[in-house]
Amino acid sequence: DQQVKQNSPSLSVQEGRISILNCDYTNSMFDYFLWYKKYPAEGPTFLISISSIKDKNEDGRFTVFLNKSAKHLSLHIVPSQPGDSAVYFCAASAYRGAQKLVFGQGTRLTINP
Amino acid sequence: DGGITQSPKYLFRKEGQNVTLSCEQNLNHDAMYWYRQDPGQGLRLIYYSQIVNDFQKGDIAEGYSVSREKKESFPLTVTSAQKNPTAFYLCASSIPGSALRAFFGQGTRLTVV
């Protein structure tokens, strides 16, 4: 039962353009969402998060959008840079219940020069 | 420097042997987690601990065991009962709460031959 899904295993974007990574979830109890960035053979690093009381959170080039009715969130990276090439994981947690993060399968983003 | 240390980075073991992966944190976090990453898959939760001397099974606990005798340490033992132990193992820690955000170690690549 995959509660958090990233349906695009990979995405290729031209440098300078916008990258949009998508994530869907099924558990309506989730109320906090995060994006992590991961390079090969390293641990994931936190990128940006959003609480369910908001529909948008922005941090520099990174913006996360949350659509609760559709149970969908997306990460926008503008402008995309070569250093953004990595695997991006979407994660979710619920305040009520087990205190743990549930991760999606990840999307490999490649930024082409 | 505060952080999470996993050791070793690479580990080789013969089939049928138990092996213990180390995870230490000096962030003073109450919660600790073990995740497993396989190619093309997301991070799957093996075990987690909210507090010393207490831990819960995650989604794929079979063939693994943990202990939490100290706040700083959460070792994971991969037993011979684990059918596919070769994977990238990630340890994380967090402060439990509504804005759950996990900090990850650099990971241990376990190869069973």
Side-chain angles (χ1 to χ4, degrees), chain A residues 1-10 21-27 29-54 57 59 64 66 86-108, chain B residues 3-11 21 23 25 27 29-51 54-61 74 87-111:
Chain A
D1 178 24
Q2 189 76 27
Q3 297 186 68
V4 178
K5 298 180 185 179
Q6 294 176 255
N7 292 317
S8 297
S10 62
L21 294 90
N22 294 303
C23 178
D24 296 296
Y25 62 96
T26 57
N27 189 340
M29 297 297 290
F30 287 149
D31 54 11
Y32 189 65
F33 304 89
L34 308 89
W35 284 94
Y36 282 83
K37 177 179 179 180
K38 185 182 181 300
Y39 293 118
E42 293 185 9
T45 55
F46 170 78
L47 198 54
I48 193 169
S49 63
I50 188 166
S51 165
S52 60
I53 62 173
K54 294 186 173 182
N57 189 26
D59 184 1
V64 56
L66 176 62
V87 176
Y88 289 79
F89 289 99
C90 169
S93 68
Y95 177 62
R96 296 185 188 280
Q99 293 282 291
K100 59 180 182 178
L101 284 175
V102 180
F103 284 83
Q105 305 96 311
T107 296
R108 180 177 300 280
Chain B
I4 302 175
T5 302
Q6 289 186 243
S7 61
K9 193 167 177 63
Y10 300 97
L11 190 55
L21 281 60
C23 178
Q25 56 102 355
L27 299 168
H29 286 169
D30 287 313
M32 296 187 74
Y33 312 82
W34 275 104
Y35 287 89
R36 167 180 171 146
Q37 185 189 14
D38 295 284
Q41 298 202 38
L43 306 182
R44 293 184 292 167
L45 183 64
I46 304 172
Y47 267 99
Y48 63 107
S49 168
Q50 304 288 306
I51 199 167
D54 187 42
F55 48 83
Q56 289 79 39
K57 292 182 179 180
D59 301 316
I60 54 166
F74 191 40
F88 189 55
Y89 290 88
L90 287 158
C91 179
S93 70
S94 73
I95 301 172
S98 59
L100 185 60
R101 176 179 154 183
F103 295 82
F104 284 85
Q106 291 298 293
T108 293
R109 166 71 63 186
L110 173 64
T111 302

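In what follows, chains are A, B, ... by sequence order, proteins preceding strands, each numbered from 1. All values derive from a computational prediction rather than experimental measurement.
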Exercise. Considering non-hydrogen atoms only, spot the tightest contact between L90(B) and K38(A) and give its length.
Key: CD1-CE, 4.2 Å

Quiz item: Which bit of Q41(B) comes within less than 4.5 Å of chain A, counting heavy atoms only: side chain, backbone, both or neither?
Solution: backbone

Quiz prompt | Interface moiety of L43(B) toward chain A, non-hydrogen atoms closer than 4.5 Å | solution = both

Quiz prompt | Residue pair K100(A) / Q56(B), side-chain donor-acceptor N/O under 3.5 Å | solution = no

Quiz item: Quick one: what part of Q37(B) sits under 4.5 Å from any heavy atom of chain A, side chain, backbone, both or neither?
Solution: side chain

Quiz item: When you look at CZ of R44(B), are more than 12 heavy atoms from neighbouring residues, nucleotides or ligands closer to it than 6.0 Å?
Solution: yes

Self-check item: K9(B) atom NZ, over 12 foreign heavy atoms within 6.0 Å
Solution: yes

Quiz prompt | L101(A) and Y35(B), any side-chain heavy atoms less than 4.5 Å apart | solution = yes

Quiz item: Any residues in residues 44-53 of chain A near chain B, with a heavy-atom distance under 4.5 Å, and which are they?
Solution: P44(A), F46(A)

Self-check item: 4.5 Å side-chain heavy-atom contact, Y36(A) and R101(B)
Solution: yes

Quiz item: Atom CD in Q105(A), atom CG in D38(B): separation rounded to 0.5 Å?
Solution: 13.0 Å

Exercise. With a 4.5 angstrom heavy-atom cut-off, could you sort out which part of L34(A) is near chain B: side chain, backbone, both or neither?
Key: side chain

